[in-house]
Amino acid sequence: MATIKVYNNDENRMETYYRSENEAMPYNTGNTLRVNEFRGSSRSDLLWTEKRAMQAWNSFRFIYGRPIYVGFAFKRPFEGGHGQQSQHYAGVAFDVGQNLTNAQRAEMRALAINSQLWSYVEPVSISPSWVHFDKRRGTPACASGGYPIVRQGILGAYVLVLQDSLNILGYGTGGVDGVFGGATANAVMAYQRNNGLFVDGIVGCETWRTLMYDIVP
């Protein structure tokens, strides 16, 4: 049984669901994305995503019209397996189609681009053996890309990434709930202070870089 945190983008609130491995993910229609498919190789009982990522999947699966093999979707940051600010850690990215031919992957990649459902579709030069698309949100804090700036009052998957990472490193946020409250702000400032960063409680480029360097194996 998995606990699944979902940021409801439309209502700006965090929601919690409990699902078994073969049940559909929250907001998934037609049982096209089960919990065990979204989890992939992650061993975590706590998963998270955002409503609009699930809705993008629903729409893309509908226009594709066939089952889609999911090789990777969610990973917690400390599990690694992806880049230091990977959208997989936010639960909004999918690496799919590993069972397809190159021609079939090219077709799927073109459809993903033309559908305009995804924020980013990785070029074939980066991922020739699968198709990566994601529903990332916000302007990256770093010019090179990655996660957006988060600060007190913000909700969502990127706050979950932040809280999870801080807690693993011993900076208690009062829970991993996706809500950037006072306890999370205090944890951020303590982390910034101990790592020679500007202490403002705001997670921008340098704080994200330092934190994810510390947590992602």
Side-chain angles (χ1 to χ4, degrees), residues 1-62 68 70 72-79 82 85-96 117-120 133-139 146-168 171-188 203 208 215:
M1 181 68 66
T3 300
I4 306 170
K5 301 284 185 181
V6 180
Y7 173 56
N8 185 327
N9 312 72
D10 299 326
E11 300 180 16
N12 191 35
R13 69 179 185 186
M14 294 302 304
E15 300 170 344
T16 302
Y17 299 85
Y18 303 94
R19 295 283 191 274
S20 64
E21 294 299 300
N22 288 316
E23 287 187 283
M25 284 289 293
Y27 292 107
N28 174 242
T29 57
N31 198 31
T32 62
L33 183 65
R34 298 187 302 273
V35 171
N36 60 358
E37 293 175 303
F38 179 76
R39 173 200 297 284
S41 60
S42 173
R43 298 185 178 183
S44 175
D45 291 330
L46 174 62
L47 316 174
W48 55 74
T49 186
E50 297 196 345
K51 179 180 177 181
R52 288 183 186 170
M54 294 297 101
Q55 291 174 323
W57 171 271
N58 291 337
S59 297
F60 185 71
R61 173 62 178 77
F62 177 77
I68 298 175
V70 181
F72 293 98
F74 176 81
K75 277 287 188 75
R76 287 175 73 173
F78 66 84
E79 294 181 293
H82 301 276
Q85 292 189 47
S86 171
Q87 301 296 326
H88 290 283
Y89 306 141
V92 298
F94 301 88
D95 287 356
V96 304
L117 291 166
W118 304 104
S119 307
Y120 174 73
F133 41 69
D134 62 58
K135 194 68 171 176
R136 61 187 68 186
R137 179 167 57 90
T139 302
Y147 301 149
I149 294 172
V150 292
R151 65 185 76 206
Q152 191 163 355
I154 286 178
L155 284 66
Y158 300 103
V159 178
L160 287 160
V161 173
L162 170 67
Q163 292 174 326
D164 193 39
S165 300
L166 287 169
N167 278 284
I168 291 293
Y171 296 88
T173 63
V176 180
D177 59 7
V179 179
F180 198 137
T184 299
N186 289 336
V188 169
V203 185
W208 272 129
I215 199 69

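For this chain, numbers begin at 1 and follow the sequence in order. The figures that follow rest on heavy atoms only: side chains count, while hydrogens, waters and symmetry mates do not.
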Between Trp48 and Pro77, the two heavy atoms sitting closest are CZ2-CD, 4.3 Å

cation_pi(Arg136, Tyr120) dist<6.0 Å, angle<=45 = yes

Worksheet entry | Pairwise side-chain contact, Met14 with Asn8, heavy-atom cut-off 4.5 Å (strictly under) | no

*Taking C-beta and beyond as the side chain, do Asp45 and Met1 meet within less than 4.5 Å on heavy atoms?*
no

Any side-chain heavy-atom pair of Ser119 and Asp134 under 4.5 Å: yes

To the nearest 0.5 Å, atom CD1 of Ile215 lies from atom OH of Tyr89 at 10.5 Å

Ring pair (Phe, Tyr, Trp, His ring centres under 6.0 Å) filter on Phe133, not counting sequence neighbours, yields Phe60, Trp118

Closest heavy-atom pair, Ala24 versus Asn31, reported as atoms and distance to 0.1 Å, is CB-OD1, 3.5 Å

- Are any of the side-chain heavy atoms of Pro148 and Thr139 separated by less than 4.5 Å? no

Side-chain donor/acceptor pairs under 3.5 Å, residues 173-180, sequence neighbours excluded:
residue: Thr173; atom: OG1; partner: Asn167; partner atom: ND2; Å: 2.7
residue: Thr173; atom: OG1; partner: Gly175; partner atom: O; Å: 2.6
residue: Asp177; atom: OD1; partner: Gln163; partner atom: NE2; Å: 3.0
residue: Asp177; atom: OD1; partner: Val179; partner atom: N; Å: 3.0

Between the OG1 atom in Thr29 and the CG atom in Asn58, the distance rounded to the nearest 0.5 Å is 3.5 Å

So do the side chains of Thr3 and Thr16 get within less than 4.5 Å of each other, counting heavy atoms only? yes

Note, Tyr147 side chain near Leu162 side chain (heavy atom, < 4.5 Å) | no

When Arg137, Lys135, Gln55 are each screened for side-chain hydrogen bond (donor to acceptor under 3.5 Å, both in side chains) with Glu50, the one that passes is Arg137

**Message:** Tell me whether Arg151 at atom CZ has more than 12 heavy atoms from other residues, nucleotides or ligands lying less than 6.0 Å away.
**Reply:** no

Sorted by chain and residue number, the side-chain hydrogen bond (donor to acceptor under 3.5 Å, both in side chains) partners of Gln85 (sequence neighbours excluded) come out as none

dist Leu33:CG -> Glu23:CD (nearest 0.5 Å) comes out at 13.0 Å

Residues Ala53 and Phe94: closest non-hydrogen pair is O-CE1, 4.4 Å

Minimal heavy-atom distance between Gly181 and Gln152, with the atoms involved, is C-NE2, 3.8 Å

Distance col, row Leu166:CG vs Asn186:CG, nearest 0.5 angstrom, shows 11.5 Å

Practice problem: Please report the C-alpha distance between Trp57 and Ile68 in whole Å, then the side-chain angles of each, then the deciding distance to 0.1 Å, and finally whether the side-chain contact (heavy atoms from CB on, under 4.5 Å) criterion is met. | Solution: CA-CA 10 Å; Trp57 171 271; Ile68 298 175; 3.8 Å; yes

Residue pairs passing the salt bridge (charged side-chain N to carboxylate O under 4.0 Å, His left out) test with at least one member in residues 156-168, sequence neighbours excluded, are Arg76-Asp164

Shortest non-hydrogen pair, Gln87 vs Gly146, comes out as NE2-O, 3.7 Å

Can you tell me if Asn9 uses its side chain to pair, donor with acceptor, with the backbone of Arg52 under 3.5 Å? yes

- request: Verify the ring-centre separation between His82 and Phe72: is it less than 6.0 angstrom?
  value: yes

Closest non-hydrogen atoms of Pro26 and Met54, given as atom of the first, atom of the second and distance, are O-CG, 3.4 Å

I'd like to know if the side chain of Thr49 reaches the main chain of Gly91, judged simply by a donor and an acceptor atom lying under 3.5 Å from each other, with no hydrogens or angles considered. yes

Residues 4-29 vs ring-ring contact (aromatic ring centres under 6.0 Å, His included), sequence neighbours excluded, gives none

Audit row: Val161, Trp208, side-chain contact (heavy atoms from CB on, under 4.5 Å) steps and yes/no
CA-CA 10 Å; Val161 173; Trp208 272 129; 4.1 Å; yes

Note, Arg19 side chain near Met25 side chain (heavy atom, < 4.5 Å): no

Check: side-chain contact (heavy atoms from CB on, under 4.5 Å) between Ile149 and Val203: does it pass, once the steps are laid out?
Finding: CA-CA 6 Å; Ile149 294 172; Val203 185; over 6 Å; no

Here the gap from Leu160 atom CG to Leu47 atom CG, rounded to the nearest 0.5 Å, amounts to 11.0 Å

* Asked: Any luck finding a side-chain donor-acceptor pair between Lys75 and Ser42 under 3.5 Å?
  -> no

Applying salt bridge (Lys or Arg N to Asp or Glu O under 4.0 Å) to Arg13 and not counting sequence neighbours gives Glu11, Glu15

Q) Do Asp95 and His88 have a side chain donor and acceptor closer than 3.5 Å? A) yes

Q) Hey, are the side chains of Tyr158 and Val92 touching, using non-hydrogen atoms and a 4.5 Å cut-off? A) yes

